[in-house]
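Taking it in order: structure first as structure tokens, then the write-up.
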Amino acid sequence: MPTIHDFRALADRVEIEALPGEFTDAVMIRDFDRLASLFTEDAVLRIPAAGIEVNGHNGFRNQMRAMQDAWEFFIQHTHPGTIEIDGDTASGRAHICELGRLKTGGAHVNYAIYHDTYRRTAGGWKFTERVYEIRYLDSSPLAGAPLGADGIAMTPEQLQAH
């Protein structure tokens, strides 16, 4: 018969496993307040290959908004990795696939890994650090375009207005 400890460990794992998906969803729908709520106030997000470091809730609201504003369109997929729980802290990885086109015209297809650390807080498990390690990058122009509500590829003008 499972013990209370077993149920807590299972609940911890489920809560932690949800964080990367919540992160991706918040970024994709541009909900920067929700994005900030996934992190502790002293948290940091690092993208060493791009020289980016984001710190604290205001950083997650403002810098992440500015980063997303640079994209004509941006798509991110998160795939589960691994989690190791040690009391009130944990570490893990999430595997990422991204594609997008910058408003300046550059395009990216990335495969990467987020190396994560987490901490249990009064408000549940939160990220304390995310470090983005690019494993593959293709900067070739993207031939496609996102679809509009009518199912037809959006023009550059529609993308700017979107």
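The figures here come from the full heavy-atom set of this structure, side chains too, leaving out hydrogens, waters and symmetry mates. Values in this document were obtained by computation on a predicted structure and should not be read as measured data.
- Of the options L19, D12, T89, a side chain to side chain contact (heavy atoms under 4.5 Å, CB included) to Y118 is made by L19 and by none of the others.
- By the rule that hydrophobic residues join a cluster once side-chain heavy atoms approach within less than 4.5 Å of another member, I29 and I75 end up as members of separate clusters.
- At a threshold of 4.5 Å between non-hydrogen side-chain atoms, the residues F127 and D116 count as touching.
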Y132 and I134: CA distance, side-chain angles, deciding distance, side-chain contact (heavy atoms from CB on, under 4.5 Å) verdict: CA-CA 6 Å; Y132 190 79; I134 297 172; 3.4 Å; yes
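- More than 12 non-hydrogen atoms from other residues, nucleotides or ligands lie less than 6.0 angstrom from CZ of F74.
- The distance from atom CD of E72 to atom NZ of K103, rounded to the nearest 0.5 Å, is 9.0 Å.
- Using a 30° and 60° split on the angle between ring planes, F39 and F60 fall in the parallel class, below 30°.
- Residue D86 places its CG atom among 12 or fewer non-hydrogen atoms of other residues, nucleotides or ligands, all under 6.0 Å distant.
- Atom CG of N55 sits about 10.0 Å away from atom CD of E129, to the nearest 0.5 Å.
- Closest approach of T78 to G21, counting heavy atoms only: CG2-N, 4.4 Å.
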Working for side-chain contact (heavy atoms from CB on, under 4.5 Å), residues E84 and I16: CA-CA 10 Å; E84 294 184 26; I16 293 167; over 6 Å; no
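- Here the closest non-hydrogen pair linking M64 and F23 is CE-CZ, 4.0 Å.
- Here the rule is side chain to side chain contact (heavy atoms under 4.5 Å, CB included) with M67, and of N62, V27, I52 only I52 fits it.
- A107 and P141 get closest at one heavy-atom pair: CB-CA, 4.2 Å.
- The minimum heavy-atom distance linking Q63 with E53 is given by the pair NE2-O, 3.2 Å.
- Nearest approach of Q76 to M28, heavy atoms of both residues: N-SD, 3.2 Å.
- Salt bridge R13/E15: absent, no basic N to carboxylate O contact under 4.0 Å.
- One hydrophobic cluster, built from ILVMFWY side chains closer than 4.5 Å, cannot hold both V131 and I96; they sit in different ones.
- Between the K126 side chain and the R120 main chain, no donor and acceptor come within less than 3.5 Å of each other.
- Of all the heavy atoms in L142 and R101, the pair that sits closest is O-NH1, 3.0 Å.
- To the nearest 0.5 Å, atom CZ of residue R130 and atom CD1 of residue I113 are 12.0 Å apart.
- Rounding to the nearest 0.5 Å gives a distance of 6.5 Å between CD1 of I83 and CD1 of I85.
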I47/E133 under side-chain contact (heavy atoms from CB on, under 4.5 Å): CA gap, chis, key distance, verdict: CA-CA 7 Å; I47 306 174; E133 176 193 358; over 6 Å; no
Candidate pair H108 and E98, rule side-chain contact (heavy atoms from CB on, under 4.5 Å), full reasoning: CA-CA 8 Å; H108 298 279; E98 292 178 336; over 6 Å; no
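- Separating the CG atom in L102 from the OG atom in S139 is a distance of 9.5 Å, to the nearest 0.5 Å.
- When the options D42, D88, T128 are evaluated for a side chain to side chain donor-acceptor pair (under 3.5 Å) with R119, the one that passes is D42.
- Every pair tested for ring-ring contact (aromatic ring centres under 6.0 Å, His included) that includes a residue from residues 77-105 fails, sequence neighbours excluded, so the list is empty.
- Residue N110 holds its CG atom at 5.0 Å from CG of L137, rounded to the nearest 0.5 Å.
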